[in-house]
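In listed order, ligands and their atoms are each counted from 1. If you're wondering where the values come from, they're calculated on a predicted model, not measured in any experiment. Throughout, residue positions are numbered sequentially from 1 according to the sequence presented.
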Amino acid sequence: MDLTFSERETAFRDELRAWLADNHPPAKPPADAGEDAQHAWRRDWQRHLYEAGWAAPAWPREYGGRGASQTESAIYFEEMGRARVPFAANTLGILLGGPTLMVWGTDEQKERHLPPILSAEEIWCQGFSEPEAGSDLASLKTRAVKDGEEWVVTGQKVWTSGAQYAKWCMLVARTDSEVPKHKGLTYFLMDMEQDAVQVRPLRQITGEAEFNELFIEQARIPEANVVGGVGNGWKVALTTLMNERAGLGFALQVRLRQLLDDVIAAAGEKGLLENPLIADQIAELHIRCETIRLLAWKGLTDAERYGQPGPEGSLVKWLWSDTNQRATQLAADVIGPEALTSGTQWSYELMRARGNTIEGGTTEVLKNIVAERVLGLPRLKVAA
Ligand SMILES: Cc1cc2nc3c(=O)[nH]c(=O)nc-3n(C[C@H](O)[C@H](O)[C@H](O)COP(=O)(O)OP(=O)(O)OC[C@H]3O[C@@H](n4cnc5c(N)ncnc54)[C@H](O)[C@@H]3O)c2cc1C
């Protein structure tokens, strides 16, 4: 792994840095403006990025990207993090849905769906988890039955982030219950704008309703919206999950570094840098941040070599979530009561971090993946 930038990469970074210096989003709406206002603000920001060709530089030019290399894409996330600009409103579409379609989608699906993902015209959500199928996704019960040229879907999804704004759902459903459970799944693009799909918000400890329950009662999906072929849903879903861990992991490690820098600045202001207990924790978190940064770069190098992110992304996601929780807890020790007062940025960070070790794969499950698929250890034997 060579971390020295080529001339082309340096030029890419300088162009983006200059653009960001001239194009900052307007101030974030206040927390009491509500979640719809926050979403609209991030959607406007994504449109602005899109018009300048900066919404997803790694995407091919024909779909609105810049055909950037993996390294340029990493530079992109670092610079966006450095400029402290928000994530695009359609992060799930850009980082998960689009890349999945690029691998498994038909030409028609790519032409139809990729441009509106990038322009934020159509927001995407991820309908994988169910009340009795989270980590064990292959146990899902939502059923799709063929009816002429359409599939009829009935079931329930849960924890569906952003479903209240989504036009399309990446939905995994069971299409065959006679075969082993992994083989009977199919990956669909479900139009959320139909009466058969009801979205009910679930309020989190932070007070916001970022995710939802989906109740699906005979929703209709045309055959043309099957992604990757009937019965191939497991493989297609793995592509989505690997992109989730690798792509989001890289973006998030930059935010983690900033959070830690803010904690260090706060500790300095309060004269706590000489306190051995605080200094010791800061040193450990600094080492972790650097380890995660280098692992994220290594993951990108592997993705460049093999064309797709590999299971190593699970390691970044696991370390990031654990370290982010520790950093927000240290912030509470350093900042004091303000970090525990509802409505403050620090209390939000502290509470939102609790979900980090669950979303995108729990820590326990990621450890199993790292043990088995990265380290080649024997498969876990679960006691009866
Ligand atoms: C903020 C947030 C946003 C989310 N957004 C989405 C979304 O947009 N779309 C979506 O589909 N899902 C989403 N999820 C759901 C998330 O993917 C699931 O919560 C996660 O996969 C865990 O599933 P579960 O909640 O059913 O827990 P379970 O799978 O029931 O796990 C319960 C406990 O058992 C442990 N466990 C389970 N299996 C094993 C094993 N084999 N070995 C060791 N331990 C094990 C787990 O680690 C956990 O501690 C979101 C979750 C959160 C917190």
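At least one N/O-N/O distance between Thr362 and ligand 1 falls below 3.5 Å. Considering backbone and side-chain atoms together, Glu359 places no N or O closer than 3.5 Å to any N or O of ligand 1. Checked by distance only, ligand 1 and Asn368 come closer than 3.5 Å through their nitrogen or oxygen atoms. Not one N or O of Gly361 is nearer than 3.5 Å to an N or O of ligand 1, by distance alone. For ligand 1, the polar-atom distance check against Thr160 finds no nitrogen or oxygen pair separated by under 3.5 Å. Residue Asp136 has no nitrogen or oxygen atom sitting less than 3.5 Å from a nitrogen or oxygen atom of ligand 1, judged on distance alone. The shortest N or O to N or O distance between Glu210 and ligand 1 is not below 3.5 Å.
Residue Gln126 approaches ligand 1 through these ligand atoms, each under 4.0 Å from one of its heavy atoms: 7 (C), 8 (O), 9 (N), 10 (C), 11 (O). Each of the atoms 11 (O) of ligand 1 lies under 4.0 Å from some heavy atom of Phe128. In the vicinity of Phe211, heavy-atom distances shorter than 4.0 Å reach the ligand 1 atoms 1 (C), 2 (C), 3 (C), 52 (C). The distance from ligand 1 to the heavy atoms of Ser161 drops below 4.0 Å at these ligand atoms: 3 (C), 4 (C), 5 (N), 6 (C), 7 (C), 8 (O).
Residues Ile94 and Val103 share a hydrophobic cluster, clusters being chains of Ile/Leu/Val/Met/Phe/Trp/Tyr side chains in contact below 4.5 Å. Placement of Ile264 and Val254 in two distinct hydrophobic clusters is found when ILVMFWY residues are connected by side-chain heavy-atom separations under 4.5 Å, directly or transitively.
A centroid separation of less than 6.0 Å is found between the aromatic rings of Phe188 and Trp151.
Under the 4.0 angstrom criterion for non-hydrogen atoms, Lys157 is not in contact with ligand 1.
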As a quick check of understanding, evaluate side-chain contact (heavy atoms from CB on, under 4.5 Å) for Leu114 and Met102, giving each step before the final call. CA-CA 9 Å; Leu114 293 178; Met102 285 179 217; 4.1 Å; yes

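Only the side chain of Arg352 comes within contact range of ligand 1, with a heavy atom under 4.0 Å; no backbone atom does.
Heavy atoms from other residues, nucleotides or ligands lying under 6.0 Å from NZ of Lys235 number 12 at most.
With Trp54 as the partner, the ring-ring contact (aromatic ring centres under 6.0 Å, His included) test is satisfied by one option alone out of Trp45, Phe12, Phe77: Phe12.
In this structure, Ser321 and Thr363 have side chains that are in contact, with non-hydrogen atoms separated by less than 4.5 Å.
With respect to Glu290 and Arg293, a salt bridge is recorded, a charged nitrogen being found less than 4.0 Å from a carboxylate O.
Distances from atom 31 (O) of ligand 1 to the heavy atoms of Gly360, Ser135, Cys169 put Ser135 nearest.
To the nearest 0.5 angstrom, Lys298 atom NZ is 9.0 Å from Leu315 atom CG.
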